[in-house]
Amino acid sequence: MVISRKIQVRLNVLFITLAILLIIVFSMYELGYLEELLTILAKDNYIFYWMLLVGVFAEIVAGSMGMGYGVICTTTLMFLNIPPHIVSASIHSAESFTTAAGSVSHIRLRNVSKSLVKKLAVPAVIGAVIGAVCLTYLGEYYAKITKTIIAFYTLYLGFQILSNAFKEKQNKALKRKTNLTRLGVIGGFIDSFAGGGWGPLVTGTLIKNAFTPRFAVGSSTVAKFILTITAAVTFFFTLGIQHWNIILGLLIGGILTAPFSAMLTAKLPVRKMFIVIGLLVIVMSSITIYKSVIS
């Protein structure tokens, strides 16, 4: 019942998106601009189509593991030598739509604690603005150093993801007090600066500290949506819109896959997914660090 309602919400988003895309494509065909559109999409070595695949893959990972969208996208884009500030700006622009769909699902399923969202979102917004402004400056003028730092961070997240495959279930009696303000600020900053990491850090901490999983995931998702919008708007005012083909590819890939991620959750072997994704992130991050050091 719960899963079917979640799938229905996401299917509605999918159908609306497909309808809009079909209208746009048909209109451009009628106006004679379709070939020009295909030429534009082929720019930068067909990066739009590569990002479409990355968006699909990242959403499958996020749907089955409850985290990892930003980590996968960041690791892949940096592996492709996209500048760090463009990486984070593109991911947050695309995630503004995918996290909105996830937030609506959790709100309708009553998985959200308003007080928890408020305690996480307000400091997360502050952290996101600081992170976006810092990355805009550092990513533009100190791209090599910033890229190496972020690659080391994604390498760390890769090991964290890998370790999740071998963790035993937490004892609910061992609930620890969590400083939500500090967690929100740090999570917002890291997510905005590094292009991802909110899920492994914030959602992972809440669940580890014995918050009820459905409220931890639902509330964290809504807070993530708020910080994502904040980061995207900040990047817009500091950078403008750059590499829209990356944003569009990630966005369409994520939306096309989102309706089915709830079904995949019950069918994919999550422990094996943790191992595969963790190893993939570790390898790609290591290659990025190596290329940054020798270049």
Side-chain angles (χ1 to χ4, degrees), residues 10-11 13-29 33-64 67-102 132 135 139 147 150 154 191-192 194-199 224-225 228-229 231-233 235-236 239-261 264 277 280-281 284-285 288:
R10 296 184 177 185
L11 282 174
V13 174
L14 173 62
F15 292 145
I16 293 171
T17 304
L18 288 177
I20 293 173
L21 289 175
L22 287 173
I23 292 171
I24 292 173
V25 171
F26 181 76
S27 299
M28 297 195 76
Y29 174 77
Y33 294 133
L34 187 57
E35 288 187 12
E36 186 176 343
L37 173 64
L38 294 175
T39 301
I40 293 173
L41 294 179
K43 287 177 61 179
D44 301 324
N45 296 316
Y46 299 93
I47 196 167
F48 166 78
Y49 298 104
W50 287 111
M51 291 305 101
L52 196 65
L53 290 176
V54 172
V56 169
F57 180 62
E59 183 60 37
I60 290 174
V61 172
S64 60
M67 60 184 74
Y69 183 92
V71 178
I72 291 294
C73 292
T74 299
T75 306
T76 305
L77 288 171
M78 291 188 63
F79 182 78
L80 295 174
N81 292 318
I82 306 297
H85 55 298
I86 301 300
V87 169
S88 187
S90 300
I91 291 172
H92 283 92
S93 297
E95 271 194 311
S96 296
F97 297 90
T98 56
T99 55
L135 182 62
K147 184 177 181 180
I150 295 175
T154 57
D191 193 89
S192 182
W198 176 268
K224 162 74 171 176
F225 166 65
T228 299
I229 291 290
V233 170
F235 281 122
F236 174 78
L239 295 173
I241 296 180
Q242 302 183 38
H243 291 272
W244 64 267
N245 45 357
I246 295 176
I247 298 172
L248 192 61
L250 292 175
L251 174 60
I252 294 176
I255 289 178
L256 290 177
T257 314
F260 312 105
S261 60
L264 290 172
I277 301 305
L280 182 63
V281 170
M284 293 177 70
S285 298
T288 300

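Heavy-atom basis, side chains included; hydrogens, waters and symmetry copies ignored. Keep in mind it's a predicted model, so treat the numbers as computed, not measured.
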Sorted by chain and number, sequence neighbours left out, side chain to side chain contact (heavy atoms under 4.5 Å, CB included) with V54 holds for M51, C73, T76, L250
The side chain to side chain contact (heavy atoms under 4.5 Å, CB included) partners of F79 (sequence neighbours excluded) come to M284, I287, T288
By side-chain hydrogen bond (donor to acceptor under 3.5 Å, both in side chains), T228 pairs with (sequence neighbours left out) none
Residues at least two apart in sequence or cross-chain that pass side-chain hydrogen bond (donor to acceptor under 3.5 Å, both in side chains) with T99, listed by chain then number, are none
What one should report as the nearest heavy-atom pair of Y69 and A94 is OH-CB, 4.4 Å
Minimal heavy-atom distance between S27 and I23, with the atoms involved, is OG-O, 2.7 Å
Residues A231 and A132: closest non-hydrogen pair is O-CB, 4.5 Å
Value for CH2 (W50) from CG (L52), rounded to nearest 0.5 Å, stands at 11.5 Å
In this structure, CD1 of I82 is separated from CD1 of I47 (nearest 0.5 Å) by 4.0 Å
Greater than 12 external heavy atoms within 6.0 Å of Y46's OH: no
| message | Can a donor-acceptor pair be found, under 3.5 Å and without considering hydrogens, that links the side chain of S93 to the backbone of I247? | response | no
Applying side-chain hydrogen bond (donor to acceptor under 3.5 Å, both in side chains) to K224 and not counting sequence neighbours gives E95, D191
Criterion side-chain contact (heavy atoms from CB on, under 4.5 Å) on L135 and I150, from CA distance to verdict = CA-CA 10 Å; L135 182 62; I150 295 175; 4.1 Å; yes
Nearest heavy-atom approach of F225 to S96 is CE1-O, 3.5 Å
Margin query: Determine whether L251 and W244 satisfy the following criterion, side-chain contact (heavy atoms from CB on, under 4.5 Å), listing intermediate values before the conclusion.
Written below: CA-CA 10 Å; L251 174 60; W244 64 267; over 6 Å; no
T75 and S285 have their tightest heavy-atom pair at CG2-OG, 3.8 Å
Sequence neighbours excluded, the answer for side-chain hydrogen bond (donor to acceptor under 3.5 Å, both in side chains) partners of S88 is H92
| message | Working note: F235 + S90, criterion side-chain contact (heavy atoms from CB on, under 4.5 Å); need CA distance, chi angles, decisive distance, verdict. | response | CA-CA 9 Å; F235 281 122; S90 300; over 6 Å; no
